Amino acid sequence: MQISLNPTGLKGWNGSALILGLLEDNVKNQLEQFEESSLSSLLENLKETGFSAKEGEVASFNLIEKKPQKIIVVGLGKPENLNLEILRKSAANGARTCLGTSGKLGVFFPWELFEPASAAKAVAEACQLCLFTDLRFRNEPEPQKKPEELELIGLQGPAGKCLSQVSPICAGVELARELVGAPPNELTPAAMAETAVQLAKEYNLQSKVLEEEDCKSRGMGAYLAVAQGSDLKPKFIHLTYRSQGQITRRLAMVGKGLTFDSGGYNLKVGAAQIEMMKFDMGGSAAVLGAARAIGELQPSGIEVHFIVAACENMVNGSAVHPGDIVKASNGKTIEINNTDAEGRLTLADALIYASALEPDAIVDLATLTGACVIALGDEIAGLWSESDDLAKSLLEAANAAGEGLWRMPLPNSYKEGLKSKLADIKNTGPRPGGSITAALFLREFVGDSIQWAHIDIAGTVWTDKDRDIDPAGATGFGVRTLVNWACKEN
Ligand code: BES
Ligand code: MN
Ligand code: ZN
């Protein structure tokens with residue numbers, strides 16, 4: 001979608017569809033500003049329908065032989081409650097109704113209530129992302145028209161200063177959505193590695209893929225134990241972005257990359273929704289999506305490592321047994337008391353690998369625990385970190401992106417639950433506090449002097465219904481937080 005500012009205003013605007021945002025305060029007065037325009041008679045109508053511009057209210061009109069052909073009026077609620085998040089949701093609710101309409105989409109909001117550059121960016125992202133459709137797996141996709149152009153009406157010059165970031169960022173989110181949405185017979189570990197190598201070529205990143213043998217010689221026994229029950233070979237992916245000139249910040253992003261999680265011999269049964277476990281590579285999708293965006297944005301002063309230990313968790317005659325003891329690449333032995341707690345095993349070796357690069361900070365993203373979904377639901381991801389600074393910068397990055405993130409505790413006493421009678425540690429603690437013991441397990445594999453944060457996206461990776469800026473399906477959660485975090489000043 002091509003995005004631009006239109007400083008002229010509504011007069012004579014002749015695009016295909018127009019979204020008008022109104023505040024709950026005095027709708028009549030706001031409508032007066034349109035009296036001069038061709039919209040006035042139509043908006044007259046609105047007064048009669050009892051539209052009160054409450055947050056989330058949407059009214060749409062179709063005009064046959066006029067331009068715009070479609071007018072969508074969205075309620076923004078009370079001005080004192082208005083924020084960027086409401087702007088995003090309202091833009092998305094309006095834009096979503098334009099699936100099926102081609103041409104130019106215009107958005108007219110009370111921009112003056114915001115810092116214009118961030119409002120413009122938020123609305124443009126929302127419009128682009130809510131119109132995403134995935135027709136890759138249909139034989140004869142219905143021709144799905146959507147607006148090719150977006151105009152933010154009533155904004156000028158300085159408001160456009162972040163707009164060039166919108167397309168790279170959205171492309172990163174869309175890549176993540178496509179990776180997560182792809183079925184597990186298509187998006188195999190090898191396919192994920194190919195995608196990563198392709199990305200690296202396109203955006204000038206360094207790329208390296210470790211094969212099973214390479215991982216063996218590095219002693220990645222935890223990761224390989226998960227992969228050993230599958231016919232598909234594991235692929236350990238490492239991309240690097242390095243900006244030109246001096247580098248002052250070195251970061252690593254690690255993503256859980258289970259292209260399918262059957263649970264292994266602790267097979268997922270009953271309500272566990274095994275068929276959804278193609279989304280168990282949502283962390284790695286976010287990391288590759290961020291690589292895509294950062295590769296195109298080319299932020300200065302940073303080096304970023306993108307790391308994924310990709311594999312499948314399956315069952316066959318050589319699959320890991322519940323009860324097996326394996327050794328991670330730092331020498332720690334792990335008793336696998338539950339083969340369905342596989343993500344943390346793959347992440348253990350990935351975090352050891354990331355730590356060896358000695359970055360200033362490591363962030364991992366993972367669809368790690370059902371317990372996190374129970375705790376925070378599907379709109380908020382959990383954040384664990386011992387570093388207040390790192391936690392703060394991630395929370396700020398998420399907030400600016402409009403992604404829900406909530407810091408959770410890491411009490412040392414809960415490590416008790418991971419004590420093994422035989423090995424250094426076991427991979428699964430008791431059910432209560434299950435997302436916390438998972439985070440504590442990961443901490444054991446991070447280098448001592450390195451700042452580290454873990455983000456559990458088990459709830460946010462997917463949405464069953466259209467929600468805010470996310471169409472039903474894969475959300476691409478995490479990409480925008482990671483990009484904001486990497487690109488922040490200093
Ligand atoms: N991939 C799952 C976590 C998950 C569950 C994500 C539901 C999204 C929705 C993970 O590998 C898993 O199976 N975790 C277990 C851990 C348990 C065995 C300690 C879980 O959460 O049940
Ligand atoms: Mn599992
Ligand atoms: Zn899993």
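Index from 1, following the sequence. All figures in this text were calculated on a predicted structure; none of them were measured in a lab. Indexing begins at 1, ligand by ligand and atom by atom, following the structure's order.
Looking at Asp280 and the Zn ion (ligand 3) together, the shortest N, O or S contact belongs to OD2. Looking at Glu342 and the Zn ion (ligand 3) together, the shortest N, O or S contact belongs to OE2. The Mn ion (ligand 2) is closest to atom OE1 of Glu342 (considering only N, O or S atoms).
Of the inter-residue distances, the one linking Asp324 atom CG with Asn337 atom CG reads 11.5 Å to the nearest 0.5 angstrom. Taking CZ from Phe441 and CD1 from Ile334, the interatomic distance works out to 4.0 Å, rounded to the nearest 0.5 Å. Taking CD1 of Ile72 as the start and OG of Ser60 as the end, the distance is 6.0 Å to the nearest 0.5 Å.
Closest protein heavy atom to atom 15 (C) of ligand 1: Asp340 O, 4.0 Å. Nearest non-hydrogen protein atom to atom 21 (O) of ligand 1 is Gly370 N, 2.7 Å. Protein heavy atom at the shortest distance from atom 10 (C) of ligand 1 is Leu368 O, 3.3 Å. Nearest non-hydrogen protein atom to atom 16 (C) of ligand 1 is Arg344 NH2, 3.9 Å. Remark: minimum distance from atom 8 (C) of ligand 1 to any protein heavy atom is reached at Phe279 CE1, 3.5 Å. Here the protein heavy atom with the shortest distance to atom 7 (C) of ligand 1 is Met277 CE, 3.7 Å.
Near Thr428, the atoms of ligand 1 lying under 4.0 angstrom from a non-hydrogen atom of the residue are 19 (C). Close approach of ligand 1 to Thr367 (heavy-atom distance below 4.0 Å) involves ligand atoms 1 (N), 2 (C), 3 (C), 6 (C). Listed by number with element, the atoms of ligand 1 under 4.0 angstrom from any heavy atom of Glu342 are 11 (O). Distances below 4.0 Å separate heavy atoms of Ala458 from the following atoms of ligand 1: 6 (C), 8 (C).
Of the candidates Thr339, Asp261, Thr346, Asp280, Asn313 forms a side-chain hydrogen bond (donor to acceptor under 3.5 Å, both in side chains) with just one, namely Asp261. Looking at Leu150, Val74, Leu87 one by one, the single match for side-chain contact (heavy atoms from CB on, under 4.5 Å) with Val107 turns out to be Leu150. For the side-chain contact (heavy atoms from CB on, under 4.5 Å) with Thr259, the qualifying choice from Met277, Lys278, Lys235, Glu312 is Glu312, the only one to do so.
Comparing heavy-atom distances from atom 18 (C) of ligand 1 across Asp280, Asp261, Asn337, Asn338 singles out Asn338 as nearest.
Taking backbone and side-chain atoms together, Asp261 has an N/O/S atom less than 2.8 Å away from the Zn ion (ligand 3). The nearest N, O or S atom of Lys256 is closer to the Zn ion (ligand 3) than 2.8 Å.
Ligand 1 lies out of reach of Gln273, whose nearest heavy atom is not under 4.0 Å from it. The closest approach between any non-hydrogen atom of Lys256 and ligand 1 is below 4.0 Å. In this structure, Lys268 counts as a contact residue of ligand 1, since one of its heavy atoms falls inside 4.0 Å of the ligand.
Salt bridge annotation for Arg443-Glu386: present, with a cationic side-chain nitrogen under 4.0 angstrom from a carboxylate oxygen. Between Glu396 and Lys488, no side-chain nitrogen of the basic residue sits less than 4.0 Å from a carboxylate oxygen of the acidic one, so the salt-bridge criterion is not met.
Taking the Mn ion (ligand 2) as the corner point, the angle from Asp340 atom OD1 to Asp261 atom OD2 is about 100° (rounded to 10 degrees).
Under a cutoff of 6.0 Å and an axis angle of 45°, Arg218 and Tyr353 do not form a cation-pi pair.
Side-chain polar atoms of Thr133 and Gln144 form no donor-acceptor pair below 3.5 angstrom.
Panel note: side chain Arg249, backbone Asp360; no donor-acceptor pair is recorded below 3.5 Å.
Here the side chains of Phe279 and Met281 are not in contact, with every heavy-atom distance at 4.5 Å or above.
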